[in-house]
Amino acid sequence: IEVSKAMLDSERAAEQGRDAEAAFHQRRVRLFTDQLVEANPVLTEISDCMTAEGRALDAGDADAAAEWGRRKDRANLALAECSQKYNRLMGELREEGWGDSDSAA
């Protein structure tokens, strides 16, 4: 949703000749896309761990379930770190703005 919104914002700004604003929104698109690329394997790991943990519990293997739970916890931590990284980068981008008066709203 955020990528689509940033793309639309960029297109609208470009159509109205607000090139600096369009470039700003393109940087947003890149950040959102980079975040998705980085987070997707972590999300897959979380999902796989949840599935394996459930199967281990169903099989009565508490030790395996605990190990899958620990792996899931590590993946959740990695996801939180990814989120924090991109929140920081997006905040920096917002602070920079598009730096051009052609985009004053």
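Sequence positions, counted from 1, serve as the residue numbers for this chain. All heavy atoms count here, side chains included; hydrogens, waters and symmetry mates do not.
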What are the two closest non-hydrogen atoms of [X] and [Y], and how far apart are they?
{"X": "V42", "Y": "A75", "answer": "CG1-O, 3.2 Å"}
{"X": "E53", "Y": "A65", "answer": "CG-O, 3.6 Å"}
{"X": "G97", "Y": "R27", "answer": "O-NH2, 3.4 Å"}

For residues 88-95, which side-chain N or O atoms pair as donor and acceptor with protein atoms under 3.5 Å away, sequence neighbours left out?
{"from": "R88", "atom 1": "NH1", "to": "E92", "atom 2": "OE2", "distance (Å)": "3.2"}

Only counting residues at least two apart or in another chain, list the ones meeting side chain to side chain donor-acceptor pair (under 3.5 Å) with Q35. none
Side chain to side chain donor-acceptor pair (under 3.5 Å) partners for R28, two or more places apart: D9, H25
To the closest 0.5 Å, what do you measure between [atom1] ([X]) and [atom2] ([Y])?
{"X": "C82", "Y": "L36", "atom1": "SG", "atom2": "CG", "result": "9.0 Å"}
{"X": "K72", "Y": "M50", "atom1": "NZ", "atom2": "CE", "result": "6.0 Å"}
{"X": "L79", "Y": "S83", "atom1": "CG", "atom2": "OG", "result": "7.0 Å"}
{"X": "N76", "Y": "E45", "atom1": "CG", "atom2": "CD", "result": "10.0 Å"}

Please determine whether the number of non-hydrogen atoms from other residues, nucleotides or ligands lying under 6.0 Å from atom CZ of R74 exceeds 12. yes
Under the ring pair (Phe, Tyr, Trp, His ring centres under 6.0 Å) test, residues paired with Y86 that sit two or more places apart: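 Here no residue qualifies.
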Indicate yes or no for a side-chain donor-acceptor contact from T44 to the backbone of N40 under 3.5 Å, with no hydrogens or angles considered.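 Flag set: sc T44 to bb N40 pair under 3.5 Å.
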Keeping T51 on the side-chain end and S47 on the backbone end, is there a donor-acceptor pair under 3.5 Å?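 Side chain of T51 to backbone of S47, a donor-acceptor pair under 3.5 Å: yes, one is there.
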Please list all pairs meeting side-chain hydrogen bond (donor to acceptor under 3.5 Å, both in side chains) that have one or both residues in residues 56-68, counting only residues at least two apart or in different chains. E67-R70
Pairs meeting criterion salt bridge (charged side-chain N to carboxylate O under 4.0 Å, His left out) with involvement of residues 76-86, two or more places apart: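 Matches after skipping sequence neighbours: E38-K85.
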